[in-house]
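Per chain, numbering begins at 1; letters A, B, ... match sequence-line order.
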Amino acid sequence: MDKKDIVEVLERIGTMMEIKGENPFKIRAYSAGARTLQTMEEDLGDVIEEGRLGDIPGIGKALTEKIETLYATGELEFYNKLVASVPSGLMDMLDIPGLGGKKIKVLHEKLDVDSIETLTVACQEGRVAELKGFGKKTEEKILSGIKNREAYAARHLWWDAQSMVKKILPGLEELPEVERVEAAGSFRRGMETVGDLDFLVASSNPTPIMDWFTSMDGIVEVTAHGETKSSVRFEGGMQADLRVVPSEQFYFALHHFTGSKDHNVRMRQKALSLGLSLSEWGLRPEEEKDSSRKAGPVEANSEEDIFKALGLQYVPPSLREGMGEVEAAER
DNA sequence: GGGCGGTACTG
DNA sequence: CAGTAC
DNA sequence: GCCC
């Protein structure tokens, strides 16, 4: 079995474990392993041959064994058993916003739902709303999620995302309560495709901003509307999130929500090695857990300041993929 | 053997 | 409060 | 699950 197929198997293992209610950290380990493998430049056969698979960060004893077995035989007992125990239709349900492993499990056990089709019927008959932990609103959300799932699941070309950003950003800039605003996320990193749009605003008066954001033209659904975080969906399926933070936190939050996740992990580790703790809220001494004291002792008036505080050279968004750029920025 | 991010929003 | 999402 |  080749690398691509093995990556696929590892990802599916993660998904199935999610539905089985496995330990989230275990699930993460599988999807991290899949990503690592996917981005590995070397030939998988060579690496296995030389017995170096386990040397790769994120791939330990269990994953090494499974990957080697798949590579050599194309079969994996562990995987086959998992496949046999999870109805394939349940996997598709994870694409529906608001449904995770736990809820899917309940739907399956209580209502015998085993596919998008049977789930649709269960919703239409009102059986989902009667379940504990569910309700009428959940039911409607599931139905609309099903109806739009192709659009929702799809990523969008950077170019399309940009035309959307060009419409939203100026509107935000014009609001008097907005002190600073940036688009973050994979859009800011310049990825070829963009999942959701992520906007970040500095302000001490979020309410009017959130109200404006959740009532823009072209919105088909407001998925969340809070003080610091709101989320909307446009016709065409593009989703946009807005976060409002106090201006002292702006660059920490911008860095955090620009990602990538792997990059953030590296940066947090780097901070920890200096006895500091980095988060979207700020940079503070590690033991000072009290995040109620909002702004940390370290100030940042730009993203550069954050890198500087960690003794790193600036890494532009497009390089923040957690693939060694943090190490390379050491100086 | 213990930690793995910490928080906001929904129902 | 649990579940989900980021 | 992986890492320390």
Side-chain angles (χ1 to χ4, degrees), chain A residues 10-11 13-14 16-36 53-67 78 82 93-107 128-142 145 152 184-186 195-200 206 210 214 221-233 239-245 249 252-253 256-262 264-269 271-273 277-284 286 289-292 294 296:
Chain A
L10 295 182
E11 279 168 355
I13 289 177
M16 290 187 285
M17 286 181 147
E18 201 171 337
I19 288 169
K20 300 207 75 169
E22 274 281 8
N23 177 346
F25 296 108
K26 203 186 251 190
I27 296 168
R28 183 195 294 175
Y30 274 94
S31 48
R35 271 204 320 276
T36 307
L53 201 49
D55 296 346
I56 300 173
I59 299 187
K61 193 161 172 289
L63 281 177
T64 298
E65 215 165 89
K66 292 188 171 70
I67 293 169
F78 171 78
L82 211 46
M93 290 166 55
L94 275 173
D95 289 340
I96 301 169
L99 286 190
K102 304 265 176 65
K103 285 195 171 162
I104 291 174
K105 206 169 165 204
V106 171
L107 288 166
V128 170
E130 290 167 10
L131 289 174
K132 185 161 64 156
F134 293 71
K136 198 152 173 29
K137 233 168 169 173
T138 319
E139 199 171 73
E140 284 163 12
K141 203 173 162 194
I142 292 174
Y152 289 4
S186 51
D196 301 342
L197 295 181
D198 245 307
F199 293 95
L200 195 66
M210 290 308 188
T214 50
E221 187 189 5
V222 175
T223 22
H225 185 173
E227 265 292 290
T228 64
K229 189 180 131 188
S230 291
S231 191
V232 301
R233 189 110 51 194
Q239 177 169 319
D241 295 341
L242 172 64
R243 285 185 169 69
V244 179
V245 301
Q249 288 171 19
F252 294 106
H256 176 86
F257 289 110
T258 295
S260 65
K261 229 172 187 135
D262 289 336
N264 290 347
V265 168
R266 298 299 182 173
M267 289 288 281
R268 281 201 298 266
Q269 284 168 348
L272 283 176
S273 76
S277 143
L278 175 67
S279 73
E280 62 183 284
W281 315 108
L283 184 60
R284 66 186 76 245
E286 192 186 351
K289 303 184 173 299
D290 184 13
S291 59
S292 66
K294 284 299 183 186

*Which listed nucleotide (B:dT10, B:dA8, B:dG5) is nearest to the side chain of A:R268?*
B:dG5
*asked:* Mind checking if A:H256 touches a base, just sugar-phosphate, or nothing, with heavy atoms under 4.0 Å?
replied: base
_Contact between A:E280 and A:V245 at the side-chain level, heavy atoms closer than 4.5 Å - yes or no?_
no
Scan the side chains in residues 58-67 of chain A for donor-acceptor partners under 3.5 Å anywhere in the protein, sequence neighbours excluded, and list what turns up.
residue, atom, partner, partner atom, Å
A:T64, OG1, A:G60, O, 2.6

Collect all protein-nucleotide pairs involving nucleotides 4-6 of chain C in which both atoms are nitrogen or oxygen and the distance is under 3.5 Å.
residue, atom, partner, partner atom, Å
C:dT4, OP1, A:G100, N, 3.1
C:dT4, OP1, A:G100, O, 3.4
C:dT4, OP1, A:K103, N, 2.9
C:dA5, OP1, A:G98, N, 2.9
C:dC6, OP1, A:D196, OD2, 3.4

_Whole-Å gap separating C1' (B:dG6) and CD (A:Q249)_ = 13 Å
_Tell me the interatomic distance from A:R233, atom CZ, to B:dT10, atom P, rounded to whole angstroms._
14 Å
*Does any non-hydrogen side-chain atom of A:F252 lie less than 4.5 Å from one of A:L283?*
yes
*OP1, OP2 of B:dC9 versus side-chain N and O of A:T223: anything below 4.0 Å?*
no
*With heavy atoms under 4.0 Å as the rule, sort A:F25 into base, sugar-phosphate or nothing.*
base
*What integer distance in Å separates A:F134:CZ from C:dA2:P?*
16 Å
_Using whole Å, what does the distance between atom C1' of nucleotide B:dG3 and atom CG of A:N23 come to?_
11 Å
*asked:* Just the rounded figure in Å: distance from P of B:dC4 to CD1 of A:I27.
replied: 18 Å
_With rounding to the closest Å, how many angstrom separate the C1' atoms on C:dA5 and B:dG5?_
13 Å
*Of the non-hydrogen atoms in A:I27 and A:G14, which two are nearest, and what is the gap between them?*
CG2-O, 3.7 Å
*Would you say A:L200 and A:T258 make side-chain contact, with heavy atoms under 4.5 Å?*
no
*How would you label the contact of A:T138 with the nucleic acid (heavy atoms, under 4.0 Å): base, sugar-phosphate, or nothing?*
sugar-phosphate
*Going 5' to 3' on DNA chain D, which nucleotide is the first and which the last to come under 4.0 Å of a heavy atom in chain A?*
D:dG1 to D:dC3
*asked:* Regarding A:P57, tell me which of base, sugar-phosphate or nothing describes its non-hydrogen contacts under 4.0 Å with the strands shown.
replied: sugar-phosphate
*asked:* Regarding A:L63, tell me which of base, sugar-phosphate or nothing describes its non-hydrogen contacts under 4.0 Å with the strands shown.
replied: sugar-phosphate
*For the pair made of NZ in A:K141 and C1' in B:dT10, what is the distance, rounded to whole Å?*
7 Å
*asked:* I want to verify a distance call: between B:dG5, B:dT10, B:dG6, whose nearest atom is closest to the A:W281 side chain?
replied: B:dG6
*So do A:M210 and A:H225 actually touch side chain to side chain, heavy atoms under 4.5 Å?*
yes
*Rounded distance in Å - CD (A:E130) to C1' (B:dG11)*: 16 Å
*Remember a base hit wins even if backbone is also touched, and classify A:F78 as base, sugar-phosphate or nothing at under 4.0 Å, heavy atoms.*
sugar-phosphate
_Partner residues of A:K26 under the salt bridge (Lys or Arg N to Asp or Glu O under 4.0 Å) criterion, sequence neighbours left out_ = A:E22
*Counterpart residues, side chain to side chain donor-acceptor pair (under 3.5 Å), relative to A:T223 (two or more places apart)*: A:S231
_Measuring to OP1 and OP2 of B:dG6, would you say a side-chain N or O of A:R284 lies under 4.0 angstrom away?_
no
*Take atom CG of A:L131 and atom P of C:dA2, then tell me their distance rounded to the nearest Å.*
18 Å
*Check side chain to side chain donor-acceptor pair (under 3.5 Å) between A:R266 and all other residues, then give those that pass, not counting sequence neighbours.*
none
*Taking C-beta and beyond as the side chain, do A:T138 and A:L131 meet within less than 4.5 Å on heavy atoms?*
no
